[in-house]
Amino acid sequence: MLTNGLIAADDKVFVSQEVEFDSVSPGVKLAATLLKPVNVTKPPLYVLVTGSGPQDRDEQLLGKKPFKALAEYLGRRGIATLRYDDRGVASSTGDFSAASTFDFSKDALGAVKYARTLNGFSSVGMIGHSEGGIVTSIVANECQCIDHAILLGSPAIRYGELVLDQITSIMQAQGAAPAQIETALTIQKQLVAKAVEHDDPLVAQKEAAKILEGVGIPASAAMAKAGELTSNWMHTFLRIDPAEYLKNINIPFLMLYGELDMQVSDELNFDVAQKVTDAVNNDQVAVRVLPKMNHLFQTAVTGQISEYATLPEDMSEDAMAVMAEWIIKQKQ
């Protein structure tokens, strides 16, 4: 449903409008911004899907608004976007804390279905960042309703493997000794194994808590920490194999990784993504690593999370240009 009035214009190159639509999940209504280029006949429309954690439509993090920057850049290049607040965040309804990746895929599918009801667009695609890339892959598997997709810093391996690399990177940056890192990795592997082993999250939580108690963490604190690992979202996310969805995408799609991404490293994910996409009968797939880019696709120095807020960009124009040029190529 469109609401009244234009929100913003960039020298009348694009206009933005407040909209809202229903998720495929009952009772969840999502608030969004539809940004349309001015004086462009039937532009493509891309739904933007945020990464992990409760985020607004701009994917605001540490003072940066990468999705706002991306939407406005694409608008200047003649590409329309629809970006929405996560369920339970800002102006959207629903309970974020109880949701899993599959619930978020229902929200994204609702966005796509809504986009399909709008007149004046040549095609509907998706751009998913981080976990949003997995959500995009799930939607592409379940619905023949998107024409193209871009996955930004999206895992190609299971989260249980990915988190080990994240722990290593963080602890190395903090100056931890190799033995400390090895101990942390051993504990994390045991915790993940318990979370994946048990279908019942409460059983998984109790088993994980025993491991934490075994390394000296008090029982109450161990149970609370184990609860983070066995929440509905984490318990589900640990069981998802992104490669299973990637290999079944049969539309043109682009996967981008940042050379300095410390959250979804190209070293772990690029080869897997390349191997999976090479094995499928889809010659319209490209997997690329962008030099000097971090997880937010800012031009970075180290790629560490602590650096995000200090960088001048919300998102690198070089990265946005790669996306825009790929989208424009799909129109030709």
Side-chain angles (χ1 to χ4, degrees), residues 1-50 56-59 67-87 90-94 104-129 132 135-136 138-150 249-254 284 320 323-332:
M1 180 177 79
L2 294 179
T3 55
N4 292 330
L6 301 178
I7 302 170
D10 186 310
D11 295 326
K12 298 189 177 178
V13 174
F14 59 76
V15 293
S16 297
Q17 198 161 19
E18 290 277 5
V19 301
E20 59 181 25
F21 55 86
D22 293 321
S23 168
V24 173
S25 290
V28 176
K29 190 173 289 291
L30 300 161
T33 298
L34 176 64
L35 186 148
K36 299 180 289 185
V38 174
N39 298 325
V40 177
T41 302
K42 294 185 76 68
L45 172 60
Y46 277 74
V47 174
L48 308 188
V49 187
T50 65
D56 66 16
R57 69 193 71 183
D58 295 333
E59 206 182 33
F67 270 11
K68 183 174 188 291
L70 177 59
E72 293 181 353
Y73 178 87
L74 293 179
R76 289 190 287 271
R77 296 293 300 269
I79 300 159
T81 53
L82 177 69
R83 65 189 198 274
Y84 58 93
D85 298 328
D86 289 351
R87 61 165 63 196
S91 299
S92 290
T93 68
F104 300 138
S105 71
K106 292 176 182 177
D107 297 343
L109 180 55
V112 170
K113 287 181 176 293
Y114 169 73
R116 284 288 182 192
T117 69
L118 302 175
N119 296 320
F121 300 103
S122 61
S123 59
V124 174
M126 296 178 71
I127 300 176
H129 179 224
V135 167
T136 297
I138 293 171
V139 173
N141 274 245
E142 294 183 350
C143 174
Q144 301 298 313
C145 54
I146 59 173
D147 301 301
H148 317 101
I150 299 176
I249 300 178
N250 58 12
I251 57 172
F253 70 100
L254 171 67
Q284 301 179 84
M320 295 188 289
M323 289 181 253
E325 286 156 17
W326 184 86
I327 292 169
I328 291 167
K329 185 178 178 182
Q330 306 314 305
K331 294 171 59 180
Q332 296 173 349

Practice task
Could you go through the side-chain contact (heavy atoms from CB on, under 4.5 Å) check for Thr117 and Phe21 one step at a time?
Solution key: CA-CA 11 Å; Thr117 69; Phe21 55 86; over 6 Å; no

Exercise for the section: Any chance you could measure Phe67, atom CZ, to Ile127, atom CD1, to the nearest 0.5 Å? Expected result: 7.5 Å

Problem - Ala31 backbone acceptor or donor facing Ser92 side chain under 3.5 Å - result: yes

Practice task
If a pair satisfies salt bridge (Lys or Arg N to Asp or Glu O under 4.0 Å) and one of its residues is in residues 27-46, list it, with sequence neighbours excluded.
Solution key: Asp22-Lys29

Problem - Sequence-distant partners of Arg87, side-chain hydrogen bond (donor to acceptor under 3.5 Å, both in side chains), two or more places apart - result: Ser25, Asp107

Handout entry: Separation of Leu35 CG from Thr81 OG1 (nearest 0.5 Å)
Key = 4.5 Å

Practice task
Walk me through it: do Tyr114 and Leu82 pass the test side-chain contact (heavy atoms from CB on, under 4.5 Å)?
Solution key: CA-CA 10 Å; Tyr114 169 73; Leu82 177 69; 3.8 Å; yes

Exercise for the section: Could you check Leu74 against Met320 for side-chain contact (heavy atoms from CB on, under 4.5 Å), going step by step and ending with a plain yes or no? Expected result: CA-CA 8 Å; Leu74 293 179; Met320 295 188 289; 5.8 Å; no

Fill in the blank from the handout: Applying side-chain hydrogen bond (donor to acceptor under 3.5 Å, both in side chains) to Thr50 and not counting sequence neighbours gives Asp86

Practice task
With sequence neighbours left out, write down each residue that passes ring pair (Phe, Tyr, Trp, His ring centres under 6.0 Å) with Phe104, or none if nothing qualifies.
Solution key: Phe96

Exercise for the section: Indicate the atoms forming the closest heavy-atom contact of Trp326 with Pro252, along with that distance. Expected result: CH2-O, 3.6 Å

Completion exercise
Taken to the nearest 0.5 Å, the spacing of Ile79 CD1 from Ser122 OG works out to 9.5 Å

Problem - Considering all heavy atoms, the nearest Leu30-Ser23 contact - result: CD1-CB, 4.1 Å

Practice task
Could you check if a side-chain atom of Tyr84 sits within less than 4.5 angstrom of a side-chain atom of Val47, using non-hydrogen atoms only?
Solution key: yes

Handout entry: Sub-4.5 Å side-chain heavy-atom contact between Ile249 and Ile251
Key = yes

Handout entry: Closest approach of Pro43 to Gly120 (non-hydrogen atoms, all atoms of both residues)
Key = CD-O, 3.3 Å

Problem - Least distance between heavy atoms, Ala80 atom then Phe121 atom - result: CB-CE2, 3.5 Å

Exercise for the section: Can you measure from CE (Met126) to CD1 (Ile146) and round to the nearest 0.5 angstrom? Expected result: 5.5 Å

Exercise for the section: State, to 0.1 Å, how close Ile327 and Tyr46 come at their nearest heavy-atom pair, and which atoms those are. Expected result: CG2-CE1, 3.5 Å

Practice task
Output all residues satisfying side-chain hydrogen bond (donor to acceptor under 3.5 Å, both in side chains) with Asp147, sequence neighbours left out; order by chain, then residue number.
Solution key: Arg116

Exercise for the section: Run the salt-bridge test on Arg57 and Glu18 with the 4.0 Å N-O cut-off and return the result as yes or no. Expected result: yes

Problem - Side chain to side chain, Ser105 and Val135, heavy atoms closer than 4.5 Å - result: yes

Fill in the blank from the handout: Closest non-hydrogen atoms of Ala324 and Tyr73, given as atom of the first, atom of the second and distance, are CB-CE2, 3.8 Å

Handout entry: Inter-residue atom distance Arg83.CZ - Glu59.CD, 0.5 Å rounding
Key = 11.0 Å

Completion exercise
NZ of Lys106 to CD of Glu142, rounded to nearest 0.5 Å, is 8.5 Å

Exercise for the section: Kindly write out the residues that satisfy side chain to side chain contact (heavy atoms under 4.5 Å, CB included) with Asn250, not counting sequence neighbours, or none if the list is empty. Expected result: Gln144

Practice task
Given side-chain contact (heavy atoms from CB on, under 4.5 Å), test Val124 with Leu118 step by step and report yes or no.
Solution key: CA-CA 10 Å; Val124 174; Leu118 302 175; over 6 Å; no

Exercise for the section: Could you tell me whether Lys329 and Glu325 make a salt bridge, using a distance below 4.0 angstrom between a side-chain N and a carboxylate O? Expected result: no

